[in-house]
Amino acid sequence: MTAVGIDAVGIWTGKLKLDLPGTFAPEKGDDPEKYTKGLGLNNSSFPDVYEDIVTMGANAAKRLMDRKGLEPEDIGRIDVATESAFDHSKPVSTYIAGCLEQVYDGDFTHANKGERKFACLAGTQAIDDAYNWIRAGRNRGRAALIVSTDTALYARGDPGEATQGAGAVAMLIDEDPSIVELSMEQGYGSKDETDFLKPNQQFPSVDGKRSVQVYLSRMREALEDYESVTDDIELDDFAYAPFHTPFPGMVRKAALLAYRHVIRDTEYEDDLADEIGRQPREADFDDREAYEEAIREYMDELKTTEQYQTWYDTVVEPTLGLSREVGNWYTSSVHIARVSALRDALTRDRSFVGDTLLVASYGSGAQAEIHAETIRDGWTAEIEGLDIDDQLASRYDLTWSEYEDVHDVHEYDMDVDREIEEFTQPEGEFVFTGWGRMNERKYEYAE
């Protein structure tokens, strides 16, 4: 059976930067380490005044297509995953296709286009859809273009404000892929939740503490479900474990939970027994409350062990590199975690082909998906071809007052009564140019 997976990746970060410890923390009267060590974030990316989810998605897609030498006729499907859409009817994919048709010969009239929504999980769901489309033989030899694009904007003063971010990841799903082959097995954890939602509003309503617990619960369920279709999994099965990363501090919690689950009844638990004891078993306790307290105490000790810290530093920490510098990209966050892992492997010059990633995606509302991906022998050239370091280095560093202006510009219901000038000069990219006769957004390619 021919492998199907991710053949190429393109990334576009918002062109503005907010320094969290240097600019955000002083304005809030906070210790900078609240952000760098607590949340695990250094900077956030923001869109310039001429950027939005369409321009970022189209620019990421163009980067990918140019590097792969693709034309519209090579693409049979365009799916956009976003939770920042500005239209309840017209999908963002049509806008992105319209942008791309400005710069390529031919058009995408033959391509199926859609928009996926399930909070931050939607990008992974779109990949699953493309995988199934190709496996079903409905692609007619063409590839699928998946674009995850979001501006994760919070209300001013909201506790989530420090985790904001903006950017897009474009992925080409095709047969005989260069980067990773997708597995046929997935594990799911899903339940109707109200931890994070946007009922006809731009800014999310978030129950912070509950959101963390829902995230962890759905991840645990997905891991258990994944094990039910793949048999037990072992720590050594996976080179990296990219998680959905709203901020790195959240991943620290999820990774510890996953580690405890996987080592249960294994030699790894046995090796730790003399140091911290064996994991509590619920049958040994008279009530659930006592058992849960014992589990919390065990995990507090587990995370300090050399065994766990070595695993975390090797398998999870390298996936957080980009997130620390760009903030939360919603539907793209797990996909930049994957890229971060591959970039780490590149710097280590490690033999990597045939190794496996365990990818853990999540979307509030709520659902988690866990699946495996196998590294292919073309991954090095694809990751070397990314220009994300140049993009990060060239971002404009916002002052606090400039940040306030940018936030106002991108707030849908804000009537900005003053002209906010662009902070950067667009060049070789798609830009937002204004509104059309039916209140649609208009775009052009800036040479």
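Computation of the quantities below employed the complete heavy-atom set of this structure, encompassing side-chain atoms and omitting hydrogens, waters and symmetry-equivalent molecules.
Of the possible polar contacts, none joining the Thr23 side chain to the Leu20 backbone as a donor-acceptor pair under 3.5 Å is found. Between the side chain of Ser148 and the main chain of Ser332, no donor-acceptor pair closer than 3.5 Å is present. Judged by distance alone, with hydrogens and angles left aside, the side-chain atoms of Thr149 form no donor-acceptor pair with the main-chain N or O of Met56 at under 3.5 Å. Asp174 places no side-chain N or O within 3.5 Å of a backbone atom of Gly5 that could act as its donor or acceptor partner. Although no hydrogens or angles enter the test, the distance criterion places no donor-acceptor pair under 3.5 Å between the side chain of Glu404 and the main chain of Arg156. Using a distance-only test at 3.5 Å, with no hydrogens or angles considered, no donor-acceptor pair links the side chain of Arg210 to the main chain of Thr194. Side chain of His261 to backbone of Leu223: no donor-acceptor contact under 3.5 angstrom is found. Counting only distance, with no hydrogens or angles, the side chain of Asn59 and the backbone of Lys62 share no donor-acceptor pair below 3.5 Å. Not a single donor-acceptor pair under 3.5 Å links the side chain of Asn112 to the backbone N or O of Arg77. A donor-acceptor contact shorter than 3.5 Å is absent between the side chain of His407 and the backbone of Leu153.
In this model, no donor atom of one side chain and acceptor atom of the other lie less than 3.5 Å apart for Asp48 and Tyr396. Under 3.5 Å, the side chains of Glu51 and Trp12 contain a donor-acceptor pair of N or O atoms. Using a 3.5 Å distance cut-off with no hydrogens or angles, the side chains of Thr331 and Asp150 do pair a donor with an acceptor. For the 3.5 Å distance criterion, the side chains of Tyr35 and Asp19 fail to qualify, holding no donor opposite an acceptor.
Distance check: Leu386 CG to Arg67 CZ gives 5.0 Å after rounding to the nearest 0.5 Å. Distance CG/Leu197 to OG/Ser211: 10.5 Å, rounded to 0.5 Å. Ile388 contributes atom CD1, which lies 9.5 Å from atom CZ of Arg63 (distance to the nearest 0.5 angstrom). Interatomic distance, Thr124 OG1 to Gln186 CD, rounded to the nearest 0.5 Å: 10.0 Å. Asp128 CG to Glu369 CD: the interatomic distance, rounded to the nearest 0.5 Å, is 4.0 Å. With rounding to the nearest 0.5 angstrom, the CG atom of Leu145 is 7.0 Å from the CZ atom of Phe108.
Crowding of Lys117 atom NZ: a count of heavy atoms from other residues, nucleotides or ligands under 6.0 Å not exceeding 12. Counting non-hydrogen atoms of neighbouring residues, nucleotides and ligands closer than 6.0 angstrom, the NZ atom of Lys37 reaches no more than 12 such neighbours. In this structure, Lys198 places its NZ atom where more than 12 heavy-atom neighbours from other residues, nucleotides or ligands lie under 6.0 Å away. Around CG of Asp105, the count of heavy atoms belonging to other residues, nucleotides or ligands within 6.0 Å does not exceed 12. No more than 12 heavy-atom neighbours from other residues, nucleotides or ligands sit within 6.0 angstrom of CD on Glu444. Atom NZ of Lys28 has more than 12 heavy atoms from other residues, nucleotides or ligands within 6.0 Å.
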Give the intermediate values and the outcome of salt bridge (charged side-chain N to carboxylate O under 4.0 Å, His left out) for residues Lys191 and Glu221. CA-CA 10 Å; Lys191 189 176 181 180; Glu221 293 163 357; over 6 Å; no
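You'll find the side chain of Thr356 stays beyond 4.5 Å of the side chain of Asp237, heavy atoms only. With a 4.5 Å cut-off on side-chain heavy atoms, Asn328 and Pro246 count as touching. The side-chain heavy atoms of Tyr131 and His371, taken from C-beta on, include no pair separated by under 4.5 Å. Contact annotation: the side chain of Lys68 approaches that of Asp7 to within less than 4.5 Å [non-hydrogen atoms, C-beta and beyond]. Residues Tyr188 and Tyr226 are not in side-chain contact: their nearest non-hydrogen atoms beyond the backbone lie 4.5 Å or more apart. Looking at Thr380 and Phe352, their side chains never come closer than 4.5 Å, going by heavy atoms from C-beta outward. Using a 4.5 Å cut-off on side-chain heavy atoms (C-beta onward), Asp225 and Ser228 make contact. Counting heavy atoms from C-beta outward, Glu421 and Val49 have side chains that stay 4.5 Å or more apart.
For the pair Lys15 and Glu429, the salt-bridge criterion is met [side-chain N within less than 4.0 Å of a carboxylate O]. Salt-bridge annotation for Glu317 and Arg324: present, with a side-chain N of the basic residue lying under 4.0 Å from a carboxylate O of the acidic one. A salt bridge links Arg376 with Asp176: at least one charged nitrogen is closer than 4.0 Å to a carboxylate oxygen.
Tyr403 has its ring centre less than 6.0 Å from the ring centre of Phe46. Side-chain rings of Tyr362 and Tyr215 approach one another, their centers coming within less than 6.0 Å. Ring centroids of Tyr445 and Phe430 are separated by less than 6.0 Å, placing the two rings close together. The distance between the ring centers of Tyr95 and Phe86 falls below 6.0 angstrom.
Nearest heavy-atom pair, Ser333 versus Thr245, reported as atom, atom and distance to 0.1 Å: OG-N, 3.3 Å. Considering all non-hydrogen atoms of both residues, Leu100 and Ala61 come closest at CD1-CB, 4.1 Å. Residues Ser45 and Thr13 share a closest heavy-atom pair of OG-OG1, 2.7 Å. Nearest heavy-atom pair across Val353 and Asp377 is CG2-CA, 3.6 Å. The heavy-atom pair separating Pro426 from Val431 by the smallest distance is CB-CG1, 3.6 Å. Here the shortest heavy-atom pairing between Gln164 and Ser44 reads O-OG, 3.0 Å.
Note: Trp435 and Phe432 have perpendicular aromatic rings, judged against thresholds of 30 and 60 degrees for the angle between ring planes.
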